[in-house]
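Data block below; observations after.
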Amino acid sequence: MYYANVSQHSPHPSRVIDVTGNGKVMATPSYVQLQIEVQTRGKNVQEAQQENAIIMNRVIQSLLALQIPRENIQTAVYTISPLYDYEDGKQIFKGYEVTNGITVKVTDMNQIGVIIDTAVENGANRISSIQFNIDNADAYYQQALSLALHNAQMKAKTIAETMHLPLQPQPIEIVEELERAPVLYRSMAMADSNISTPIEQGQIAVNATVRVKFQY
């Protein structure tokens with residue numbers, strides 16, 4: 001059998017600068033979602049449910065009176081849990097706890113404290129979540145992504161110039177890192193008994209990260 005004698009030459013290994021670029025854009029929140037809950041207890045389920053329903057209906061009506069659109073109020077959680085105490089190592093049944101939670105979307109940031117106070121005054125006994133959000137978040141992310149790419153390019157250029165390397169201007173690989181959730185930056189406000197509950201909206205940081213390879 002005949003085998004052709006083919007000479008093989010190992011290609012010259014490519015030399016690569018691998019950098020990580022970061023970009024951040026600050027955005028003012030455009031709305032907030034509050035989770036407002038009513039927790040009630042009773043010896044039996046019906047008792048706890050009925051009391052809870054009366055209070056939650058009162059809370060919802062008070063929010064509607066503040067001109068919160070009904071479509072901005074949505075049930076988020078409804079649970080019924082048995083309650084137990086332990087005495088002398090024995091489990092003793094004490095009744096039931098009913099939790100009914102609603103999310104409220106608020107677009108007027110100045111209204112947040114008033115909404116919380118109104119809900120509490122009408123029977124809500126837990127505010128379990130205050131989440132600031134932005135509309136059109138993708139547009140902010142695209143800006144952050146552009147900044148991240150520019151940041152990676154500048155890093156590679158700095159490395160090349162410092163090390164006197166002939167950097168190729170076009171990257172050979174770009175990998176977008178998984179987008180992280182926006183980070184909220186906000187300050188705390190001091191409470192004043194003469195005003196509504198103070199809530200500071202602060203700003204949201206939208207971040208982007210890329211890994212970029214350049215050849216030299």
Side-chain angles (χ1 to χ4, degrees), residues 16-37 59-60 63-64 66-79 99-116 118-119 124 126-160 167-189 196-216:
V16 173
I17 295 176
D18 193 340
V19 294
T20 299
N22 300 291
K24 179 171 71 175
V25 174
M26 303 302 295
T28 300
S30 49
Y31 68 95
V32 64
Q33 281 189 310
L34 306 174
Q35 184 156 317
I36 300 171
E37 297 181 2
V59 169
I60 292 173
L63 297 179
L64 293 173
L66 292 177
Q67 306 304 313
I68 302 296
R70 185 175 290 274
E71 59 267 22
N72 287 1
I73 303 174
Q74 184 177 24
T75 299
V77 60
Y78 191 92
T79 60
T99 299
N100 188 356
I102 57 173
T103 57
V104 182
K105 181 179 178 180
V106 184
T107 55
D108 183 355
M109 299 299 170
N110 297 321
Q111 204 178 13
I112 300 173
V114 174
I115 289 171
I116 291 175
T118 300
R126 189 179 183 203
I127 308 297
S128 61
S129 174
I130 300 178
Q131 183 177 358
F132 291 88
N133 297 284
I134 50 177
D135 290 320
N136 200 19
D138 187 63
Y140 289 100
Y141 179 72
Q142 297 301 327
Q143 295 178 38
L145 187 60
S146 179
L147 292 174
L149 289 166
H150 181 69
N151 179 245
Q153 190 175 40
M154 293 301 294
K155 284 182 178 180
K157 183 179 178 182
T158 298
I159 293 171
L167 184 71
Q168 299 296 318
Q170 297 300 323
I172 61 173
E173 182 177 300
I174 300 175
V175 178
E176 179 188 11
E177 295 287 334
L178 291 178
E179 179 185 354
R180 296 181 180 179
V183 179
L184 174 66
Y185 292 85
R186 64 185 177 95
S187 59
M188 300 301 293
S196 62
T197 299
I199 302 294
E200 295 294 325
Q201 67 180 35
Q203 286 192 307
I204 293 175
V206 181
N207 298 287
T209 303
V210 292
R211 293 199 324 270
V212 185
K213 292 181 180 181
F214 293 87
Q215 217 167 13
Y216 66 92

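The structure displayed is predicted, hence computed values, not measured ones. All residue numbers refer to positions in the sequence shown, counting from 1.
- At distances below 3.5 Å, not a single donor-acceptor pair connects side-chain atoms of Asp18 with backbone N or O atoms of Val16.
- Closest of all the heavy-atom pairs between Val212 and Ala152 is CG2-CB, 3.7 Å.
- Among residues two or more places apart in sequence or in another chain, the side chain to side chain contact (heavy atoms under 4.5 Å, CB included) test is passed with Lys157 by Glu161.
- Within the structure, no pair that satisfies the side chain to side chain donor-acceptor pair (under 3.5 Å) test touches residues 147-156, not counting sequence neighbours.
- When the side-chain hydrogen bond (donor to acceptor under 3.5 Å, both in side chains) test is applied to Asp135, the partners found at least two apart in sequence or on another chain are Ser30.
- A pairwise comparison of heavy atoms in Phe214 and Gln168 identifies CD2-O, 3.6 Å as the closest pair.
- The shortest distance between side-chain heavy atoms of Asn22 and Asn207 does not fall below 4.5 Å.
- Looking only at side-chain heavy atoms (C-beta outward), Val206 and Gln143 stay at 4.5 Å or farther from each other.
- Taking the side chain as every heavy atom from C-beta outward, Leu167 and Ile159 never approach each other to under 4.5 Å.
- Summarising the geometry of Val59 relative to Ala124, their closest heavy-atom pair is CG2-N, 3.7 Å, with the distance given to 0.1 Å.
- Among all heavy-atom pairs drawn from Lys105 and Ile68, the shortest one is O-CG2, 4.4 Å.
- Rounding to the nearest 0.5 Å places CD1 of Ile174 at 12.0 Å from CZ of Arg211.
- Ile36 contributes atom CD1, which lies 11.5 Å from atom CG of Asn100 (distance to the nearest 0.5 angstrom).
- Scanning all heavy atoms of the two residues, the minimum distance from Pro29 to Gly202 falls at CD-O, 3.3 Å.
- More than 12 non-hydrogen atoms from other residues, nucleotides or ligands lie less than 6.0 angstrom from CD of Gln142.
- Across all their heavy atoms, Ile134 and Thr28 have their closest contact at CG2-O, 3.5 Å.
- Between Leu34 atom CG and Ile115 atom CD1 the span is 6.0 Å, to the nearest 0.5 Å.
- To the nearest 0.5 Å, atoms CD1 (Ile60) and CD1 (Ile102) are separated by 5.0 Å.
- By the side-chain hydrogen bond (donor to acceptor under 3.5 Å, both in side chains) test, Glu37 is found to be paired with Gln35, Arg126, Ser128, residues two or more places apart in sequence or in another chain being considered.
- Residues passing the side-chain hydrogen bond (donor to acceptor under 3.5 Å, both in side chains) test with Asn72, sequence neighbours excluded: none.
- Residues forming a side chain to side chain contact (heavy atoms under 4.5 Å, CB included) with Leu147 (at least two apart in sequence, or on another chain): Val25.
- Under the rule for a side chain to side chain contact (heavy atoms under 4.5 Å, CB included), the partners of Ala148 that lie at least two apart in sequence or sit in another chain are Ala208, Val210.
- Gln170 CD: 12 or fewer foreign heavy atoms inside a 6.0 Å radius.
- For Thr158, the side chain to side chain contact (heavy atoms under 4.5 Å, CB included) partners are Thr162, not counting sequence neighbours.
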